[in-house]
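This report refers to the structure that appears directly beneath it.
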Amino acid sequence: MIRGSFMISKPPGVEDIFPDKIDRWNFVLQSAFSVFQSYNYREIIVPVMEFTEVFARGIGTETDIVSKEMFTFEDRGGRSLTLRPEGTAGVVRAYVENGEYNRLSICKFFYCGPMFRAEKPQRGRLRQFNQFGAEVFGSFDPYYDYEIISMVNDISHKVGIDSFKILINSIGCRSCRSEYIIKLRDYYKSNHDKLCKDCQRRLETNPLRLLDCKNESCSSLKVNAPAIRDFICNDCKGHFEKVKEYLDLGNIAYTEDPYLVRGLDYYTKTTFEFVTDKLGGQNAFAGGGRYDYLVEQFGGKPTPGVGFAAGIERINLLIEDRPIDAKGTDVFFIHTGGQSFMESVALIRKLRLLGISCDVDPEVKGFKSQFKRAERENARFAVIIGEDEVQSREATVKDQKTGQQEKVPFEKLSDFIKNNK
RNA sequence: GUGACUGUAGUUCAAUGGCAGAGCUCUGGAUUGUGGUUCCAGCCGUUGCGGGUUCGAGUCCCGUCAGUCACCCCA
């Protein structure tokens, strides 16, 4: 901080991302995009801001996300707006609002962008964070559950995440799940006194989450708790078996976790999470599942769906030791000022118009500092336009990798760079 | 949101309550116009911020802000 000035700082839990981190960022996004393309998914861009109703109805008013983690404010007309805490609800709203289900029987989308949750920040847990994700609309087929999981698996390998586990579960459909929840609630009610305070509240608000509690006395009750797999209907059971069959076929290893319960109410049947032990408490870097009633909840024609979202910052943390090629400029010009600089500027303009990346320091400095700068800019070539070169109309081109240099006439410079870079 | 810990130069870290320092980075130089290694020199601070105790506070106390970790939750 400069003395006498006052610091304007960023709000907690948001990040500035400088160029040295952008190479890794782009590598992750490009890897994801190329996998999306290989599965024939197409990009959709939806607003980061929606009417609060979109998330309240979509995600569920009793969830942690909606009840305490949303950035919500009023517009000037007094309508309640919210910065999106996740991507699916907005995509579903757009799908329904534009009547997309009338066009194609199956729609496959991917998206990426910032999400916002008012949580207490921690490493790998930000208030503004970025996700990419995908959604499929229009099919009950378990093939698509597999396709989504397979796609996340491919992206994870492609970006170089060393060790991760895929947890999968089925939480049933509308009918069998509610039957299960009644049984679950009965079981825990009879053990009400052994539950921690949080769980006594969960018993009313979100009984599925009882299975998630790490409190010792609560988790010991889990052993004898009714398990969802004993309650799901034949349809859900068959669906889950088929998903696993596809995963086996694709040689994709997974771990069944009968207690995997996700914090969004819209899921049905398949849920999954990609987890790692390298992110502390933030162990999931991707997650998703099926949501067969969400579209009709938004007033659309009943249309099933399945999707996932992955956290870009968390993925970056997982691969931060992995070297990424840093892109530098093609040519850094070295000059001695005056006419030498004027010739350089003219040549730079020509090369740039031909798509060759050039840079130069306009100040007159020693060769030593200019070469240092060329090094730092990761230049492929250093081109010297000094007094001798202006006289002979030949540039001295130094290959920064080999250290070799040669004379190249001004008019042949662009061809030389193009052919050798 | 609850609890614990941390906060010193651009950065990584030192400094029994007694003159705020080092490595790296950065800038310049080591005989005419050549980077990465080496050597020399230089720049960089109201010790996160605000109070208090003290002859004296980077150090102790209170508050505040931010970060980290755990809980919670999830990407």
Side-chain angles (χ1 to χ4, degrees), chain A residues 1-7 9-15 18 20 28 59 63-69 84-88 112-133 152 167 196-199 201-202 206 209 212-215 260-264 271 273-276 279-288 308-318 332 334-337 340 363-379 381-390 396-405:
Chain A
M1 199 190 342
I2 294 164
R3 189 178 169 170
S5 71
F6 62 95
M7 179 75 94
S9 61
K10 60 180 163 56
V14 303
E15 270 186 340
F18 277 81
D20 57 332
V28 169
I59 301 166
T63 59
D64 283 11
I65 290 177
V66 172
S67 63
K68 55 188 191 198
E69 293 173 3
R84 63 181 180 191
E86 59 99 49
T88 302
C112 82
M115 308 293 164
F116 305 83
R117 290 183 201 171
E119 293 187 275
K120 183 152 181 169
Q122 224 172 294
R123 180 182 157 87
R125 194 170 75 182
L126 297 158
R127 290 187 171 180
Q128 176 179 342
F129 58 100
N130 287 270
Q131 292 186 330
F132 57 79
V152 185
L167 306 179
C196 69
K197 256 188 186 160
D198 284 335
C199 282
R201 179 179 48 80
R202 288 187 185 116
N206 199 343
R209 297 222 71 87
D212 242 5
C213 189
K214 278 129 201 153
N215 182 294
L260 176 66
V261 174
R262 309 205 75 241
L264 299 91
T271 58
E273 266 177 21
F274 282 61
V275 296
T276 158
L279 288 175
Q282 285 64 39
N283 64 343
F285 63 91
F308 86 95
I312 298 176
E313 287 85 353
R314 286 190 185 173
I315 290 174
N316 278 325
L317 287 174
L318 289 173
F332 195 87
I334 289 167
H335 65 94
T336 55
S340 142
E363 285 181 46
V364 181
K365 288 182 178 167
F367 273 40
K368 190 187 186 87
S369 84
Q370 294 188 73
F371 268 99
K372 260 190 190 168
R373 178 83 187 280
E375 159 95 23
R376 237 181 305 136
E377 300 293 344
N378 219 342
F381 297 99
V383 169
I384 303 170
I385 309 292
E387 276 125 49
D388 299 349
E389 287 81 1
V390 169
T396 301
V397 179
K398 182 170 185 178
D399 186 317
Q400 291 289 94
K401 269 187 205 157
T402 64
Q404 289 183 332
Q405 56 186 54

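First the proteins, then the strands, lettered A, B, ... as listed; each starts at 1.
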Is [X] touching bases, backbone alone, or none of the nucleic acid, heavy atoms closer than 4.0 Å?
X        : result
A/Gly366 : nothing
A/Ser369 : sugar-phosphate
A/Gly124 : base
A/Arg314 : base
A/Glu86  : nothing
A/Ala286 : sugar-phosphate
A/Phe129 : base
A/Gly288 : nothing
A/Gly281 : base
A/Ile384 : base

- Shortest non-hydrogen contact from A/Arg373 toward A/Phe332: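 The answer is CG-CZ, 3.3 Å.
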- Task: Return the minimal non-hydrogen interatomic distance between A/Pro114 and A/Asn130, and the atom names on each side.
- Result: N-OD1, 3.3 Å
- Query: Hey, what do you get for CD (A/Gln131) to OG1 (A/Thr88), rounding to the nearest 0.5 Å?
  - Reply: 8.0 Å
- Can you tell me how far OG1 of A/Thr276 sits from CG of A/Asn283, rounded to the nearest 0.5 angstrom?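 So the gap between those two atoms works out to 8.0 Å.
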With side chains defined as the heavy atoms from C-beta onward, is the minimum distance between [X] and [Y] less than 4.5 Å?
X        : Y        : result
A/Glu313 : A/Glu15  : yes
A/Val261 : A/Thr271 : no
A/Leu318 : A/Leu279 : yes

Regarding [N], can its base be found pairing with the side chain of [X] as donor and acceptor, where the two atoms are less than 3.5 Å apart?
X        : N      : value
A/Gln370 : B/rU34 : no
A/Lys368 : B/rU34 : no
A/Arg125 : B/rC69 : no
A/Glu389 : B/rG33 : yes

Rounded off to whole Å, could you give me the [atom1]-to-[atom2] distance for the [X] and [N] pair?
X        : N      : atom1 : atom2 : value
A/Arg373 : B/rC26 : CZ    : C1'   : 13 Å
A/Glu375 : B/rC26 : CD    : P     : 10 Å
A/His335 : B/rG33 : NE2   : P     : 14 Å
A/Lys10  : B/rA66 : NZ    : P     : 10 Å
A/Leu264 : B/rC73 : CG    : P     : 13 Å
A/Asp20  : B/rU25 : CG    : P     : 16 Å
A/Gln122 : B/rA66 : CD    : C1'   : 14 Å
A/Gln405 : B/rG35 : CD    : P     : 11 Å

[N] to [M] separation - [atom1] atoms, rounded to the nearest Å:
N      : M      : atom1 : value
B/rG52 : B/rG10 : C1'   : 33 Å
B/rU6  : B/rC61 : P     : 10 Å
B/rC43 : B/rA22 : C1'   : 16 Å
B/rA66 : B/rG23 : P     : 35 Å
B/rC24 : B/rU16 : C1'   : 29 Å
B/rC40 : B/rU12 : C1'   : 24 Å
B/rC55 : B/rC62 : C1'   : 22 Å
B/rU27 : B/rU37 : P     : 14 Å

Hunt down the Watson-Crick or G-U wobble partner of [N], both distances under 3.5 Å, from any strand shown, or write none.
N      : value
B/rG63 : B/rC49
B/rA41 : B/rU27
B/rG18 : B/rC55
B/rA70 : B/rU2
B/rA9  : none
B/rU34 : none

- Query: Between A/Thr402 and A/Asn283, who's closer to the 5' end of RNA chain B by nearest nucleotide?
  - Reply: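 With A/Thr402 and A/Asn283 compared, the 5'-side residue is A/Thr402.
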- Note on the structure: Contacts of A/Asp388 and A/Leu126 projected onto RNA chain B by closest heavy atom; the upstream (5') one is A/Asp388
- A/Phe367 over B/rU34, stacked by centroid distance under 5.5 Å, angle under 30°: no
- Ignoring hydrogens and geometry, is there a side-chain-to-backbone donor-acceptor pair from A/Arg127 to A/Glu119 under 3.5 Å? yes
- Residue-phosphate contact under 4.0 Å: A/Arg376 side-chain N/O, B/rU25 OP1/OP2: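 No, outside the criterion.
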